[in-house]
Chemist: 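Can you keep this structure in mind? I'll have questions shortly.
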2 protein chains.
Amino acid sequence: MNRLTSSSSLSRHAAQAASCGTCPARAHCLPTGMNDTYCAAIDQLVERRVQLVRGEHLYQMNEPLSDHLYAIRSGQFKTYHLTPEGEQRVTGFHMSGEFLGLDAIGLHVHRGSAVALTNAEVCEFSYHRLADAAQRMEPLSQLFHNLLSKELARQQDTTLLLRNGHADQKFANFLLRMSRCYAARGSAPNLFQLPMSRQEIGDFLGLTAATISRLICNFKGQGCIKAVRRNIIILDQAMLTRIATGTPHPAPAVPARAASPALQLA
Amino acid sequence: MNRLTSSSSLSRHAAQAASCGTCPARAHCLPTGMNDTYCAAIDQLVERRVQLVRGEHLYQMNEPLSDHLYAIRSGQFKTYHLTPEGEQRVTGFHMSGEFLGLDAIGLHVHRGSAVALTNAEVCEFSYHRLADAAQRMEPLSQLFHNLLSKELARQQDTTLLLRNGHADQKFANFLLRMSRCYAARGSAPNLFQLPMSRQEIGDFLGLTAATISRLICNFKGQGCIKAVRRNIIILDQAMLTRIATGTPHPAPAVPARAASPALQLA
DNA sequence: CGTGATTTTGATTGGGGTCAAACGAGGTGG
DNA sequence: CCACCTCGTTTGACCCCAATCAAAATCACG
């Protein structure tokens, strides 16, 4: 396992040149919808920017936390918990603009671990300084509330995704979700590279690596995706959506409910 | 289905006598750890207190929301989403001291529905007035952040609970969680009444009502609970915990791994 | 006491887990 | 440059858990 201890900040660099104003993630991050003045103010709150190499931990479970929050500037992360038995439970995948550490505000240790799935750069905030600033800048306060609320909603959606329906539905949902994430960040929505292993996807979705592998095979057979290694091309998004909602067949105008096909045109 | 429309506030009463200072849920609610002065200030922020009868909705999905947050003063709630196909997906059960509506801050419609499982009373806040007050009262701001963060953590735990292990583990976890909830509120931790149906438990855990029924039967057979209808008595919490973690047997020093039974005493 | 909702219980089935082996790609060192 | 090793992925065979369907039983309530 390539688990570098996060205290050994050997491969970490502090990059001071970057700023929020020019950040590609600006639109999805804390400064959503703010003008340049406020954006600069938020920029002032960034304690430092940290670069991590793939496989490096940003923080680890039960590590004492010094009231830090992290915004992902670039790259992707995985958050997970360890069970008492030492098994890994993936709690989420995270892309640029998302905050890490929000679930530990007011606590003294981290609730889970966060590891970089790709080379990445994060902006480190001090929660207390951020809260202080919000106290003096009402719009920032609002933004922070929205951020927390949005994260809560995201988590709820994840819960629903995980529980609902069969393996193929979950995985179709997962692919669509990834696609939307890339699309929202200006990349191609139908061609992307997964930064995580089958095992990790399975762990996240409550399935096994073998099942994920078989599902990819199925989906390829149905012609809705192309896949080689971790590279995914979505060929038929509509079909994926149908799979995700549990409506495998093209579903005419009035899907169910009406018994007689003659009624379809009524 | 007893789904009363929430706009027909026929059975709602506004009870003005109650206050935060004397609220039995005070210790688990927003004013956690605050002195009486602040508590009174929070009390001032309560727009009104609303009483609901069992089965009544506090709000419904897609209903336009007028920036309300609700704190549960007494009683229990269920929150759920409706799928496009009209199926109900339980997102959570909620007890006194918890806030409802936190996931919709900054939105204009409710993301889900909330229905009272028992007769209940809630305190209605205006998010904007609350945020305003927090702007002038730093400790309140902190409390609100903690509240949101705690809710986020709770949601994460739920996600883990739902995905992990087999039906018996999930349900054992569910019972223990309920037990802890009652214990934290000063009731007996091992004797309580479930306010929800088997169907609703199953829906929450990603199982079916039939499975829940069978599990209750199993657990009774193993002697770790007693159950008649919705009344539960936990007889052997340790055994429940073992079931929850997937260690059905009392687990000697070195549980598995060793093939030879002769080694058990080594 | 009748009616409908909830719960229990049984029989059956299939989806996905588990185990294991084979395969492929990437990295390392000789 | 190739042998070797390791890790991730694929694929197959088998089996078990929990869903499903259905019917009976129990309870709640008018």
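Order of the sequence lines fixes the chain letters, A, B, ..., with proteins taken first and strands second; residue numbering starts at 1 for each chain. Any value given below was found using the heavy atoms of this structure, including those in side chains, with hydrogens, waters and symmetry copies removed.
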Chemist: Given axes from five pairs at either end, by how many degrees does the helix from dC1(C)-dG30(D) to dG30(C)-dC1(D) bend, rounded to 10°?
Modeler: 40°

Chemist: Is the number of heavy atoms from other residues, nucleotides or ligands within 6.0 Å of CD (Gln237(A)) greater than 12?
Modeler: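 Check fails, neighbour count at 12 or below.
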
Chemist: Please list, chain by chain and in numerical order, all residues satisfying side chain to side chain contact (heavy atoms under 4.5 Å, CB included) with Thr79(B), sequence neighbours excluded.
Modeler: Tyr59(B), Thr91(B), His94(B), Leu100(B), Ala114(B)

Chemist: Could you pull out all residues at least two apart from Phe77(B) that satisfy ring pair (Phe, Tyr, Trp, His ring centres under 6.0 Å)?
Modeler: none

Chemist: Going by the side chain to side chain donor-acceptor pair (under 3.5 Å) test, which pairs reach into residues 175-190 of chain A, not counting sequence neighbours?
Modeler: Gln76(A)-Tyr182(A), Ser96(A)-Arg185(A), Thr158(A)-Arg177(A)

Chemist: In whole angstrom, what separates Leu194(A)'s CG from dG8(D)'s P?
Modeler: 15 Å

Chemist: Please collect all salt bridge (charged side-chain N to carboxylate O under 4.0 Å, His left out) contacts where either partner lies in residues 205-232 of chain A, sequence neighbours excluded, each pair once.
Modeler: none

Chemist: Could you list, one pair per line, each protein nitrogen or oxygen that sits under 3.5 Å from a nitrogen or oxygen of nucleotides 11-15 of chain D, together with the distance?
Modeler:
| residue | atom | partner | partner atom | Å |
| --- | --- | --- | --- | --- |
| dG12(D) | N7 | Arg214(A) | NH1 | 3.1 |
| dG12(D) | O6 | Arg214(A) | NH2 | 3.4 |

Chemist: Return the 5'-most residue of the pair Arg230(B), Leu215(A) with respect to DNA chain C, ranking by each residue's nearest nucleotide.
Modeler: Arg230(B)

Chemist: Using whole Å, what does the distance between atom P of nucleotide dT9(C) and atom CD1 of Ile216(B) come to?
Modeler: 10 Å

Chemist: Specify the closest pair of heavy atoms between Glu56(A) and Leu52(A), including all atoms of both residues, with the distance to one decimal.
Modeler: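 Taking every non-hydrogen atom into account, OE1-CA, 3.3 Å.
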
Chemist: For DNA chain C, find the residues of residues 159-175 of chain A with a heavy-atom distance under 4.0 Å and give them by number; none if there aren't any.
Modeler: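 Heavy-atom contacts with DNA chain C come from His166(A), Ala167(A).
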
Chemist: Which pairs, with at least one residue in residues 190-202 of chain A and sequence neighbours excluded, count as a salt bridge (charged side-chain N to carboxylate O under 4.0 Å, His left out)?
Modeler: Lys78(A)-Glu200(A)

Chemist: When every nucleotide of nucleotides 25-30 of chain D is labelled 5' to 3' by its protein contacts under 4.0 Å (heavy atoms), B for base, S for sugar-phosphate only, - for none, what sequence of letters results?
Modeler: --SS--

Chemist: Can you run down the salt bridge (charged side-chain N to carboxylate O under 4.0 Å, His left out) pairs that involve residues 156-167 of chain B, sequence neighbours left out, and say none if there aren't any?
Modeler: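 Output for this query lists Arg111(A)-Asp157(B).
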
Chemist: Taking DNA chain D as the partner, which of residues 195-204 of chain A come within under 4.0 angstrom of it by heavy atom?
Modeler: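 Ser197(A), Arg198(A) - these, ordered by number, are the residues of the stretch whose heavy atoms sit under 4.0 Å from the strand.
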
Chemist: Classify Leu207(B) by what it touches in the nucleic acid, base, sugar-phosphate, or nothing, heavy-atom distance under 4.0 Å.
Modeler: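 Sugar-phosphate: the residue Leu207(B), judged by heavy atoms under 4.0 Å, touches backbone atoms but no base.
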
Chemist: Holding to side chain to side chain contact (heavy atoms under 4.5 Å, CB included), I want the full list of residues that pass it with Asn62(A), two or more places apart in sequence or in another chain.
Modeler: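 For Asn62(A) there are no side chain to side chain contact (heavy atoms under 4.5 Å, CB included) partners, ignoring immediate neighbours.
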
Chemist: Locate the shortest heavy-atom distance separating Val115(B) from Gly55(B); write the atom from each residue and the value.
Modeler: CG2-O, 3.4 Å

